[in-house]
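So you know, we letter chains A, B, ... as the sequences are listed, proteins then strands, and number each from 1.
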Protein chains: 2
Amino acid sequence: MSTSDNLKLIQQQVEKIGIVCDKDGFPPLAGRLLGFMILAEPPHKTFDEIVAFLNASKSAVSNTLKFLENQKMIDYTTFPGDRKRYFRLSVENWSNVLIDKMVWLKAMQEQLTIALKIRTEENPEFNEGLRNIIELYEIVIEEMPLIIEKWKKRIIKRKQINIENE
Amino acid sequence: MSTSDNLKLIQQQVEKIGIVCDKDGFPPLAGRLLGFMILAEPPHKTFDEIVAFLNASKSAVSNTLKFLENQKMIDYTTFPGDRKRYFRLSVENWSNVLIDKMVWLKAMQEQLTIALKIRTEENPEFNEGLRNIIELYEIVIEEMPLIIEKWKKRIIKRKQINIENE
DNA sequence: TTTTTAGTTCTGCAAATAAAGAACTAAAAA
DNA sequence: TTTTTAGTTCTTTATTTGCAGAACTAAAAA
């Protein structure tokens, strides 16, 4: 496969990732920028490289980078004697993305709990249903950290196997 | 507590739920309409009642109802000899809301998997990190139905206890 | 048959969002 | 000290979204 064929493939995949992100309500450039970072080879890219690939303005890229940093999806490193930032996918801390969603879920759960307290006792079946919804949120909030722990343990295990096989 | 005090409390709580929903990217009216359905007493409300409470136009309410139906957050029942729709929170099927989010997660996981295949072998550590992210998504997609099952069992158990105590 | 009801869809406007390009800033290089 | 670099912030413009009100539709009631 030629280099230009591969570039086309990368561009297509960036667009596809962009579309999936759009469906989750990401701002338009954010999904494509995220896609670029997922496909980036090598994984860290400078501001200018991102601007060039996306064919977007510096301001749009600057704002979108900030957005993705807030989402904890990307971060950057710097090197001594080099003023450039090297952005990359927060590949080592991706679980933070999920944890942030749990923060929202917790906020929602709290407001639902207050709502339930405000309700009268006149519709006990509905109240019971609402209580169940709150409990579903609670279970998810409780279980997600366990799932993440499970995942982290698997990673460590696999890492050790990789080291042994070297 | 007087009826008007309670109305004020309800209105305040509807706004709070609206704000939490806004933060998740809901359209402006959607969060408040959802909030109203959460606090609605009795739980089913007609189109006109919703319009009156929200102080919004019929068109805005119509579109927002459709949006929340798509999200599987509300539904409606009708009664013979009554043309009105009685909307209410989909209190019995709330887990569908989470299941729909898993559909998105699955789509994302698939695109990440394709992305990983496109990548070269030149950055094995990053590839490993990306593989781990994909696995995290897989675990969540796998575990969420189990969490929902666990929750449903708890509900059934509690229901039986309630029946016994009657 | 005409009128009322219960919404939906269309039209136009207002507000919010997104992007480009210019102006700016702070650090490093010349 | 001036210039370049690496971005950020501000300004303007274009696009999108959200909403109100009017026009419309389909069923039921009169």
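In terms of phosphate contacts, B:Lys84 brings a side-chain nitrogen or oxygen within less than 4.0 Å of OP1 or OP2 of C:dA6. Close to D:dG7, at under 4.0 Å from its OP1 or OP2, lies no side-chain N or O of A:Ser62. For the OP1/OP2 pair of C:dA19 and a distance below 4.0 Å, the side-chain nitrogens and oxygens of A:Arg32 include no atom meeting the criterion. Distances shown here put every side-chain N or O of A:Lys58 at or beyond 4.0 Å from the OP1 or OP2 atom of D:dT9.
When the P atom of C:dA28 is taken as reference, atom CZ of A:Phe79 falls 17 Å away, rounded to whole Å. One interatomic measurement links the two molecules: CD1 of A:Ile50 to P of C:dA19, which rounds to 15 Å at whole-angstrom precision. Rounded to whole angstrom, the span from the CG atom of A:Asp82 across to the P atom of C:dA27 amounts to 16 Å. Rounded to an integer number of Å, the gap from A:Glu69 CD to D:dT8 C1' is 12 Å. The nearest whole Å value for the distance from the CZ atom in A:Phe26 to the P atom in D:dT16 is 20 Å. To the nearest angstrom, P of C:dA6 lies 19 Å from CG of B:Asn63. The distance from atom CG of B:Asn55 to atom P of D:dC19 is 13 Å, rounded to the nearest whole Å. Between the CG atom of A:Leu65 and the C1' atom of C:dA18 there is a distance of 15 Å, given to the nearest Å.
Side-chain N/O atoms of A:Ser59 and base N/O atoms of C:dA19 include no donor-acceptor pair closer than 3.5 Å.
Of all nucleotides listed (D:dG7, D:dC19, C:dG7), D:dC19 comes nearest to the side chain of B:Ser57. Nearest nucleotide to the A:Pro28 side chain, out of C:dA20, D:dC19, C:dA18: C:dA18. The side chain of A:Pro27 sits closest to C:dA18 out of C:dA18, D:dG7, C:dA20.
Contact check on A:Arg154 versus A:Glu149 returns no salt bridge, with no Lys/Arg side-chain nitrogen under 4.0 Å from an Asp/Glu carboxylate oxygen. Between A:Lys72 and A:Asp100 there is a salt bridge, with a side-chain nitrogen of the basic residue lying less than 4.0 Å from a carboxylate oxygen of the acidic one.
When each of B:Phe47 and A:Gly81 is assigned the nucleotide of DNA chain C with its nearest heavy atom, B:Phe47 is the one assigned upstream, toward the 5' end.
Each of B:Leu33, B:Ile17, B:Val14 was evaluated against B:Ile38; a single residue qualifies, B:Ile17, per the side chain to side chain contact (heavy atoms under 4.5 Å, CB included) test.
Taking the ring centre of A:Trp104 as origin, the terminal cationic atom of B:Lys101 falls inside the region bounded by 6.0 Å and 45° from the ring axis.
Using the Watson-Crick or G-U wobble rule with both distances under 3.5 Å, C:dA27 pairs with D:dT4. Pair assignment for C:dA18: D:dT13, on the basis of Watson-Crick or G-U wobble contacts that are both within less than 3.5 Å.
Between the side chains of B:Gln160 and B:Lys157, no donor-acceptor pair of N or O atoms lies under 3.5 Å.
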